[in-house]
Amino acid sequence: MADAEDLGDTGVQRLTEAGAALLVPIRAMGSWAARYADIVLASQDRYGTR
């Protein structure tokens with residue numbers, strides 16, 4: 001969800017409003033993953049799902 005915005009030779013891209021709205025939940029999921037990664041991986045090892 002990005003718009004191409006031509007600014008000379010740079011070809012800069014920016015997120016659309018919808019794409020920017022996803023930043024909050026995506027960052028929250030990243031924080032959750034960082035916090036619980038060891039627990040999730042240990043559980044997967046215990047139940048043979050990894």
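Atom CG in Leu41 sits 11.0 Å away from atom CZ in Arg46 (nearest 0.5 Å).
With sequence neighbours excluded, the residues satisfying side chain to side chain contact (heavy atoms under 4.5 Å, CB included) with Leu23 are Leu15, Arg27.
What you find for Ala21 and Pro25 is that their closest heavy atoms are O-CD, 3.4 Å.
Residue Trp32 belongs to a hydrophobic cluster whose other members are Tyr36, Ile39, Val40, with links defined by side-chain heavy atoms closer than 4.5 Å. Hydrophobic cluster membership for Val24: none, as no Ile, Leu, Val, Met, Phe, Trp or Tyr side chain comes under 4.5 Å of it.
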